[in-house]
Amino acid sequence: MPRYNPSEIEPRWQAYWEENRTFATPALPTGKKRYVLDMFPYPSGDGLHVGHPEGYTATDIVSRFARLRGECVLHPMGFDAFGLPAEEHAIKTGEHPRIQTQSNIDNFTRQLKMLGFSYDWDRMVSTTDEDYFRWTQWIFLVLYDTWFDSETQRGRAISELPIPAEIASAGEAAVEQYRDANRLAYQDDALVNWCPALGTVLANEEVQDGKSERGGHPVKRIPLRQWMLRITSYSERLLEGLDELNWPVGIKKLQQDWIGRSTGAEVDFYIGEAARMDDWKAARGKSGFPQEAGEDALRVYTTRPDTLFGATYMVVSPEHSMIERLVTSEQSDAVQQYCEQASFKSDRERTEGDRAKTGVFTGSHAVNPVNGKLIPVWVADYVLAGYGTGAIMAVPAHDDRDFEFAKQYDLDIVPVVDPPGDHPQRTEILAGDVCFVAQGTAINSGEFDGNQTDQVKASVTASLAEQGQGNHAVNYKLRDWLFSRQRFWGEPFPILHEVDDSGELTGQKRAVAVEDLPVRLPELEDFKPHGRPEPPLAKADDDWLYVTVDGKRYRRETNTMPQWAGSCWYYLRYIDPKNSEAMIDPEKEKAWMPVDLYVGGAEHAVLHLLYSRFWHKVLFDRGHVSTAEPFNALINQGMILGEVEFTGYVTDDNSPVSAADVRRDADGNLTTATGQTISTVVLTDDAVEKKGEGFVLQNAPQIRVDSRAHKMSKSRGNVVNPDVVVREYGADALRLYEMFMGPLEATKPWAMTGVGGVRNFLDRVWRMIVDAKSDEFQLNAALTDQPCDEDQNRMLHRTIKKVTEDTDSMSFNTAIARMMEFTNFFTRCESRPTAAMKPFLILLSPYAPHLCEELWSYLGESDSIAAQTWPSWEESALVESSIEVPIQINGKVKTKIQVAPDASKETIAETALADDKVKSLLEGKTIIKQIVVPGRLVNLVVK
RNA sequence: GCGGGUGUGGCGGAAUUGGCAGACGCGCCAGAUUUAGGAUCUGGUGUCCAUUGGACGUGAAGGUUCGAGUCCUUUCACCCGCACCA
């Protein structure tokens, strides 16, 4: 008994909290509310890794701390349980994904409870529960029922969409089509990322370097009818909303870049017959800049309208709709061949390698609107179909890509921006031999010569607008969100497609009625995708697949939603998890939202965090939530790397090679400078030693080795399992260690010896209060009911102050350091007042809750330490009778003096000058200046 | 290439507004004690020279200042994003 034994203590207190519902949260907050949220995990078969408890411990400390300070805390947990791995397991084994998902959830729940987190488990949600995805489907119907009013920048009900007269007159089908074209959830034939290996289409965000993010399989681009969400409508709102958020600047920046707003101009280049050009110009002068460029013009988007005079050719993307119009018969074969090739290329092939630019002349010319010059129009795949207008004006003198292309195909380069006079390459730039992309003074630009870039941009745009040939324009990199997946294990779409008597789709759709939700997944014999871009749900029985409503026959939508769908709104459901009437009760929503603190990994910067904000804004516009943004403050916990490893290099004949001499060949293999192949060996700590900047072999100091911590991965075999850590050191030690490693946001390497260090601290806390030597349980004999002496009282109050402030600012590592100092101090005290021990246990309890509950009960308390009040400190107790002040002479510390803490400048200076050592050092010198910072230091400047 | 971040002992990391660099922990060294455990307690531990004592020291170089890890300029290394977005 007398030894600290977490494996006995911890399960006992976890059971106590569960039985007593210690962390149950009231439906509505009583007093000041605080909503503390973790990014819920995907319950993978591997269980928790040590990265999960890092963020979860941080939020748990914040939650427990806030409760002790009297706040009403909502701190829930759930599972993002749809997704590919469970489905792949199902394909392999034939077992329903639900079964493995449930066992994974059970395992995660066990592990989370084992770590003593103070979640309100009654609020647990899983995205795969029918009661949950029913409302995911409901939100999809809200998106389906919403159009974006760009005038007011707001989402509105589709019934409020103004129908243009010519459409209204064309009949109900046309009106319906018009509505469909404006819904936030719409279907479109999109060029999609089709991954044959996974048998599904992926979002742009799920494709990296032309391969699937999951599994690394190749991805092709094919056209397919897909559900899309019109997130681009909300670009501006999503951008503006970032300002008010207390998020890391890095994440804000990532979202800004992802949205990628740029401003410039759209410009039409005339491509019609020369004879009709004057008519066209005149018509444009009258009509102004039209919505569509029309037959006779090629529209481009540019951020540099000031360089229009330097546009010496144009480029359209291989997918551009006007290629047929542009290509001449002589060039037809070449262009067709080029476009075909480009369409076969995956994104990876198109962007990979040295990316030498390729292209083909269409045979056509366009007219540069500012100087009337005829310029050739090319097709090239360096221009992307999906951005801007899919066509550009090329200004080789002032754009790197255009410059490279112009050099390649010997096209004209006309400089129109004069760099600042001191530019080292000005001569070459003006000769057209070097590209210059920065700002300067306009040249070769007619009436605009001599003006600065910004001014020219504005005046050229204005002049084009006047002639109806251009206009100011804003563009975003953000694309609409491809929202359908051809998988089984996801939310079915609550959409029905009308079929006629012969079973063909009529093109009419209808939403499943809200009272008929949820649309459940059908029972299937097997879960295999068939490798065609047709979803597995299409294999369902007819009684699932076909429904009759109002006398019409419908086929269900067979795509499913992507995994992001469920995670877009789970933070709302926690507030009212059992509501069967609505997604959330408005009163509860108002009371608890927004999330006050959201902690999770930075990998979600542009995916989950952008999608969630988008859905939230739509729900806000439609009156279902009361805040414009869901997550007020966001913190990204840093990654935990594996233990530091030393890596040595050897050639095939096993002779060591210094890390400094290791090269990589073209294939990325390691070689020596002479080309011998090299392999790596893992070295133990005692085989290496520090030398200079790095580490070397101990027995061969000329051989450098690499020392690095690597990302934890199964293949490297450096994954740390929380179950093992808890078994060996206890949950409190794991929690404390992860908080003590360093700042929460920092990337830091794991070190098992460090866990031993904090465990050692917990042992010391135990022995500070319990007599560990006796066989029977008894309190440490040093404990006393006497009050603290002055030093003890100061230590106590300083610790209260530091731990309070550091916990508040989430500087957990320094708060723990301070509690270690407290323990070291009181362990040395012959008498330890319980009046100091009790508040200390409360301070430590958010960090190491099991140990503190246990010791709290030993000190004669009968209720949970979680129900106590956070101690406060007294400033008067912090004051010392005298403090040490360093004396510097010419900025170097020479000695120290003792003065009263509130001593005046004069007193301190006098004391300093009266000091014997100071006197001797000043002998024969003159004081030029004396700086006295009260309570800090004295600096004497002497000659 | 562009953007963001980080560089402090053998290691993880501390250091209000510029004010004693290295808190706390690991590791290491020494001592005490012991039921000999990978226990506990005490002391030491940036580098160099040395007898007291001194000099140097926060990736590198320069600057501002009485005083710089902290501010400015230049530069190097590593990490993380994005990557033909006109």
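Proteins get letters first, then strands, A, B, ... in listed order; numbering begins at 1 in each.
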Taking atom [atom2] of [N] as reference, at what distance in whole Å does atom [atom1] of [X] sit?
X	N	atom1	atom2	answer
A:Lys357	B:A86	NZ	C1'	11 Å
A:Asp763	B:A39	CG	P	11 Å
A:Asp806	B:A15	CG	C1'	12 Å
A:Glu603	B:C82	CD	C1'	16 Å
A:Met393	B:C84	CE	P	20 Å
A:Glu404	B:G1	CD	P	15 Å
A:Asn890	B:U65	CG	C1'	13 Å
A:Leu683	B:G10	CG	P	20 Å

Between the side chains of [X] and [Y], is a donor N or O closer than 3.5 angstrom to an acceptor N or O?
X	Y	result
A:Tyr387	A:Ser317	no
A:Glu875	A:Trp873	yes
A:Ser262	A:Asn475	no

Once salt bridge (charged side-chain N to carboxylate O under 4.0 Å, His left out) is applied, what residue pairs with a partner in residues 737-751 of chain A remain, sequence neighbours excluded? A:Glu54-A:Lys748

Taking the side chain as every heavy atom from C-beta outward, state whether [X] and [Y] have any atom pair closer than 4.5 Å.
X	Y	value
A:Leu238	A:Ile231	yes
A:Leu937	A:Val893	no
A:Val720	A:Met712	yes
A:Val437	A:Phe403	no
A:Phe740	A:Met820	yes
A:Lys407	A:Phe405	no

What distance, rounded to whole Å, do you find between the two [atom1] atoms, one in [N] and one in [M]?
N	M	atom1	answer
B:A60	B:C11	P	15 Å
B:G18	B:G69	C1'	10 Å
B:G67	B:G19	C1'	7 Å
B:A36	B:C20	P	49 Å
B:U8	B:G59	P	6 Å
B:A21	B:G46	C1'	10 Å
B:C78	B:U73	C1'	22 Å
B:C66	B:G12	C1'	36 Å

Based on Watson-Crick and G-U pairs with both distances under 3.5 Å, what dot-bracket line describes RNA chain B 5' to 3', crossing pairs as [ ] and inter-strand pairs as |? (((((((..(((......[....)))((((((.......))))))((((...))))..(((((..]....))))))))))))....

Sequence neighbours excluded, the answer for side-chain hydrogen bond (donor to acceptor under 3.5 Å, both in side chains) partners of A:Asp706 is A:Tyr649

Test side-chain contact (heavy atoms from CB on, under 4.5 Å) on A:Asn780 and A:Ile769; report intermediate values, then the result. CA-CA 5 Å; A:Asn780 195 301; A:Ile769 290 172; 5.6 Å; no

Using a 4.0 Å heavy-atom cut-off, does A:Lys253 contact any base of the nucleic acid, only the sugar-phosphate backbone, or nothing at all? sugar-phosphate

Mind checking if A:Arg759 touches a base, just sugar-phosphate, or nothing, with heavy atoms under 4.0 Å? nothing

Would you please confirm or rule out a distance under 4.0 Å between OP1 or OP2 of [N] and any side-chain N or O of [X]?
X	N	result
A:Tyr382	B:A86	no
A:Ser262	B:A86	yes
A:Arg3	B:A39	no

Start at the 5' end of RNA chain B and walk down; is the nucleotide closest to A:Thr827 or to A:Arg708 reached first? A:Thr827

Nearest to side-chain heavy atoms of A:Lys929, which nucleotide of B:C66, B:A86, B:G13: B:C66

Of all the choices, B:C66, B:A86, B:G13, which nucleotide is nearest to the side chain of A:Pro749 once you look at every atom? B:G13

Just label B:G9 as syn or anti from its O4'-C1'-N9-C4 or O4'-C1'-N1-C2 angle, using within 90° of 0 for syn. syn

Determine if the base of B:G37 is syn or anti; take syn to mean the glycosidic torsion is within 90° of 0. syn

Do any N or O atoms of the protein come closer than 3.5 Å to N or O atoms of nucleotides 50-58 of chain B, and which pairs are they?
none

Under the side-chain contact (heavy atoms from CB on, under 4.5 Å) rule, what do A:Trp378 and A:Leu411 come out as? Steps first, then yes or no, please. CA-CA 11 Å; A:Trp378 286 63; A:Leu411 296 156; 3.7 Å; yes

B/S/- contact track for nucleotides 19-29 of chain B, protein heavy atom under 4.0 Å: BB--BBSS---

Taking only residues two or more places apart in sequence, or in another chain, which ones meet A:Glu821 in a salt bridge (Lys or Arg N to Asp or Glu O under 4.0 Å)? A:Arg818

